[in-house]
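What you see below is based on every heavy atom in this structure, not just the backbone, and it leaves out hydrogens, waters and symmetry mates.
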Amino acid sequence: QVQLVESGGGSVQSGGSLRLSCAASGFSYSHNCLAWFRQAPGKEREGVAGIDVDGTTTYADSVQGRFTISQDNAKNMLYLQMNSLKPEDTAMYYCAAHCPAPPRLRLGERTADEYAYWGQGTQVTVSS
């Protein structure tokens, strides 16, 4: 049974940092597409950062230069290092993995519905 479990969320002040982690069981991160999404109250889920099957790494414009996605295949862990956090980064953050089909558009530009496995989410709250 595949399970993704996020951790590392919390409350920080503007300008602070957090590192989110996503542990996988029953599934290997190696050679798979991986991503972090977020959803704020009243807003649609949006992609934050992703690593595609060829290693292509992409970021939303709003987090470029502040967030870094990485993976540790030996530990089967996915991370999201978030620096210089802003109040607008406040949201529930979800990790996602495994894309059963080729990308609808192109590598590195997958939408949420292209990922098969999801974690339960971890809350990030940034205060001003």
*Could you please spell out the steps behind the side-chain contact (heavy atoms from CB on, under 4.5 Å) verdict for T58 and E109?*
CA-CA 8 Å; T58 56; E109 295 186 13; 5.6 Å; no
[Y] reachable from [X] in the ILVMFWY side-chain graph, under 4.5 Å edges:
{"X": "W118", "Y": "I51", "answer": "no"}
{"X": "F37", "Y": "L80", "answer": "no"}
{"X": "Y117", "Y": "M92", "answer": "no"}
{"X": "Y79", "Y": "V5", "answer": "no"}

What disulfide bond (SG atoms under 2.5 Å apart) pairs are there with at least one residue in [range], not counting sequence neighbours?
{"range": "residues 35-85", "result": "none"}
{"range": "residues 47-90", "result": "none"}
{"range": "residues 96-128", "result": "C33-C99"}
{"range": "residues 37-68", "result": "none"}

Side-chain polar contacts of residues 16-31 - donor-acceptor pairs under 3.5 angstrom, sequence neighbours left out - could you list them?
{"from": "S17", "atom 1": "OG", "to": "N83", "atom 2": "OD1", "distance (Å)": "3.0"}
{"from": "S28", "atom 1": "OG", "to": "S30", "atom 2": "N", "distance (Å)": "3.2"}
{"from": "Y29", "atom 1": "OH", "to": "C22", "atom 2": "O", "distance (Å)": "3.0"}

Could you check if a side-chain atom of [X] sits within less than 4.5 angstrom of a side-chain atom of [Y], using non-hydrogen atoms only?
{"X": "V63", "Y": "R38", "answer": "yes"}
{"X": "P87", "Y": "S127", "answer": "no"}
{"X": "L107", "Y": "V53", "answer": "yes"}
{"X": "W36", "Y": "F67", "answer": "no"}
{"X": "Y59", "Y": "T68", "answer": "yes"}

### Task
Go through the structure and list residues passing ring pair (Phe, Tyr, Trp, His ring centres under 6.0 Å) with Y94, not counting sequence neighbours.
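For Y94 there are no ring pair (Phe, Tyr, Trp, His ring centres under 6.0 Å) partners, ignoring immediate neighbours.
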Enumerate the residue pairs fulfilling salt bridge (charged side-chain N to carboxylate O under 4.0 Å, His left out) with a member in [range], sequence neighbours excluded, ordered by first and then second residue.
{"range": "residues 119-128", "answer": "none"}
{"range": "residues 115-128", "answer": "none"}
{"range": "residues 57-86", "answer": "R66-D89"}
{"range": "residues 114-123", "answer": "R104-E114, R110-E114"}

- So, for A97 and L34, which heavy atoms are closest and what is the spacing to 0.1 Å?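 Between these two residues, the closest heavy atoms are CB-CD2, 3.7 Å.
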Of the non-hydrogen atoms in C95 and L4, which two are nearest, and what is the gap between them?
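Heavy atoms of C95 and L4 come nearest at SG-CB, 3.8 Å.
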Report task. List in chain and number order the residues that pass side-chain hydrogen bond (donor to acceptor under 3.5 Å, both in side chains) with Q120, two or more places apart in sequence or in another chain; answer none if no residue qualifies. Result ->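 Applying side-chain hydrogen bond (donor to acceptor under 3.5 Å, both in side chains) to Q120 gives E6.
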Between Y93 and S7 (side chain of the first, backbone of the second, donor and acceptor by atom type, cut-off under 3.5 Å), is there such a pair?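 Answer holds: no.
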request  = Not counting sequence neighbours, which residues clear side chain to side chain contact (heavy atoms under 4.5 Å, CB included) with T125? List them please.
outcome  =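 In terms of side chain to side chain contact (heavy atoms under 4.5 Å, CB included), with neighbours along the sequence ignored, T125 is linked to S11, T90, Q123.
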**Asked** Taking atom CD of Q71 and atom CG of N32, what is their separation to the nearest 0.5 Å?
**Response**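 Those atoms lie 9.0 Å apart.
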